[in-house]
Amino acid sequence: MKISNIINNSDKTHFSFELLPPLKGSDGSKLYNTIEQLLEFDPKYINLTTHRDEYEFRQRPDGLLEKKIVRKRPGTVAIAASIQHKYGIPVVPHILCGGFTRSETEHVLIDLHFLGIENVLALRGDGLKSEPAFKPEPDGNAHASELVEQIVGLRNGKYLDTELKNKAPLDFCIGVAGYPEKHFEAPNLETDLEHLKMKVDAGANYIVTQMFFDNQKYYQFVDKCRAAGITVPIIPGIKPIAVQNQLTVLPKIFSIDLPDDLAKALAACKNNDEAKKVGTEWAIYQAKDLVKNGAPSLHVYTYGLTDNVKEIMKAVF
Ligand code: FAD
């Protein structure tokens, strides 16, 4: 089932959540346990992140440095298919520009199609930690809008090999990312919205937002998108704060603000248990308001935690 059909055929807010593939060396049991803990809230779909290769420099016995390629969380394609078939819930694997040539992207999409996956979230990805800025692969997509164009091309049977005889269309429903507080590289929100519109004009079916902690920012973002002519559903992303250092870590990593009330409450916590309680209460407050105001779906960034997500969902739905 396509996410756009799930959203467009219902006027109530759905629950969906995002998971990370297991770290290399772990089996899938923790991931499956996380899903099973949340099944009672009837998730309509599950997002699965993708993590590109990183380079690490390791010291050799002779003292010289050796550049090693490390992929800490492989397996998105296989795990996405496994979850979808095991639980009968549509899975939305994230597809990145970064680290992939267009040809590799096409192969990933062919594999996903064979495995029965109908939805993807198309993203640029971040630059490598070892690079000053994002650098696409030679013959890779440089922006998410180009990735969307490639995926839409396959909807119309447009493969990279123009001499291919059989050109079965691969019809994916495409989500893209939106930033209520703007993407950290964008000079301003208006420019960022122009780039968001390029993704939608290229054929994206819906938008999922970066996490935010002030709902007004989401509502204002939706208004600005509508004024800019973006009409697709805009799904809010919420992140229940679970540890105290997220007070400073989240603004740094995601270029977002924490409202003063939340920041003060977290700063006053004596330990992570107290911080988790504050984060859970804040997420309940946010989620109830988003449901009341007709958000199409709640995209919950779980980071593999379930006790707080369960508490939030029990309070909200
Ligand atoms: P783009 O839409 O390409 O935008 C990136 C920047 O380039 C923006 O500043 C934009 O304004 C600008 N830009 C866009 N088009 C143009 C253009 N044509 N010319 C000039 N500038 C342009 N990262 C991962 O590595 N794995 C994941 O699984 C993952 N999941 C995510 C899920 C969600 C819901 C969100 C919100 C983010 C996720 N990310 C993930 C992070 C994401 O990859 C980063 O935020 C990345 O820096 C930008 O990705 P994008 O798709 O928004 O890029």
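Indexing begins at 1, ligand by ligand and atom by atom, following the structure's order.
Numbered from 1 in the order shown, with element, the atoms of ligand 1 that lie under 4.0 Å from a heavy atom of T49 read 28 (O). Taking every heavy atom of M198 and a limit of under 4.0 angstrom, the matching atoms of ligand 1 come to 18 (N). Residue A186 has at least one heavy-atom neighbour below 4.0 Å for each of these atoms of ligand 1: 9 (O), 11 (O).
The nearest protein atom to atom 53 (O) of ligand 1, hydrogens excluded, is given as R124 CB, 3.2 Å; this is a heavy-atom distance. Counting only heavy atoms of the protein, atom 33 (C) of ligand 1 lies nearest to Y301 OH, 3.8 Å. The nearest protein atom to atom 35 (C) of ligand 1, hydrogens excluded, is given as A177 CB, 3.8 Å; this is a heavy-atom distance. With hydrogens left out, the protein atom closest to atom 2 (O) of ligand 1 is K199 NZ, 2.7 Å, a heavy atom.
Atom 19 (N) of ligand 1 has its nearest heavy-atom neighbour, among H143, H51, R73, in H143. Nearest to atom 39 (N) of ligand 1 by heavy atom, out of I207, L123, N188, is L123. With distances taken over non-hydrogen atoms, the option nearest atom 30 (N) of ligand 1 out of H195, H94, E146 is H94. For atom 23 (N) of ligand 1, the nearest non-hydrogen atom from the set G125, S145, G99 belongs to G125. Taking all heavy atoms of L121, L96, D126 into account, the minimum distance to atom 46 (C) of ligand 1 is reached by D126. Nearest residue to atom 26 (N) of ligand 1 from T50, V148, L189 is T50 (criterion: closest heavy atom). Of the candidates H183, E185, Q210, H183 brings a heavy atom nearest to atom 8 (C) of ligand 1.
Here the side chain of N272 pairs no donor or acceptor atom with the backbone of V243 at under 3.5 angstrom. A donor-acceptor distance shorter than 3.5 angstrom exists from the side chain of E274 to the backbone of K270, with no hydrogens or angles considered. Of the possible polar contacts, one joining the T209 side chain to the G237 backbone as a donor-acceptor pair under 3.5 Å is found. One N or O on the side chain of T302 and one on the backbone of E18 form a donor-acceptor pair closer than 3.5 Å. Counting only distance, with no hydrogens or angles, the side chain of N205 and the backbone of S4 share no donor-acceptor pair below 3.5 Å.
For the pair Y179 and ligand 1, the shortest N or O to N or O distance falls below 3.5 Å. Between A144 and ligand 1, at least one N/O pair is under 3.5 Å apart. At least one N/O-N/O distance between D192 and ligand 1 falls below 3.5 Å.
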Just do the salt bridge (Lys or Arg N to Asp or Glu O under 4.0 Å) check on K2 and E118 with the steps written out, would you? CA-CA 6 Å; K2 294 206 164 57; E118 294 180 278; 3.4 Å; yes
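The hydrophobic cluster containing I117 also contains V77, counting ILVMFWY residues as joined when their side-chain heavy atoms lie under 4.5 angstrom apart, directly or transitively.
Taking 4.5 Å as the limit, every side-chain heavy atom of I79 sits out of range of all side-chain heavy atoms of L19.
Taking the ring axis of Y301 as reference, the NZ or CZ atom of K239 does not stay both within 45° of it and closer than 6.0 Å to the ring centre.
Salt-bridge annotation for R60 and E66: absent, with no side-chain N of the basic residue lying under 4.0 Å from a carboxylate O of the acidic one.
A ring-centre distance under 6.0 Å is found for F15 and F17.
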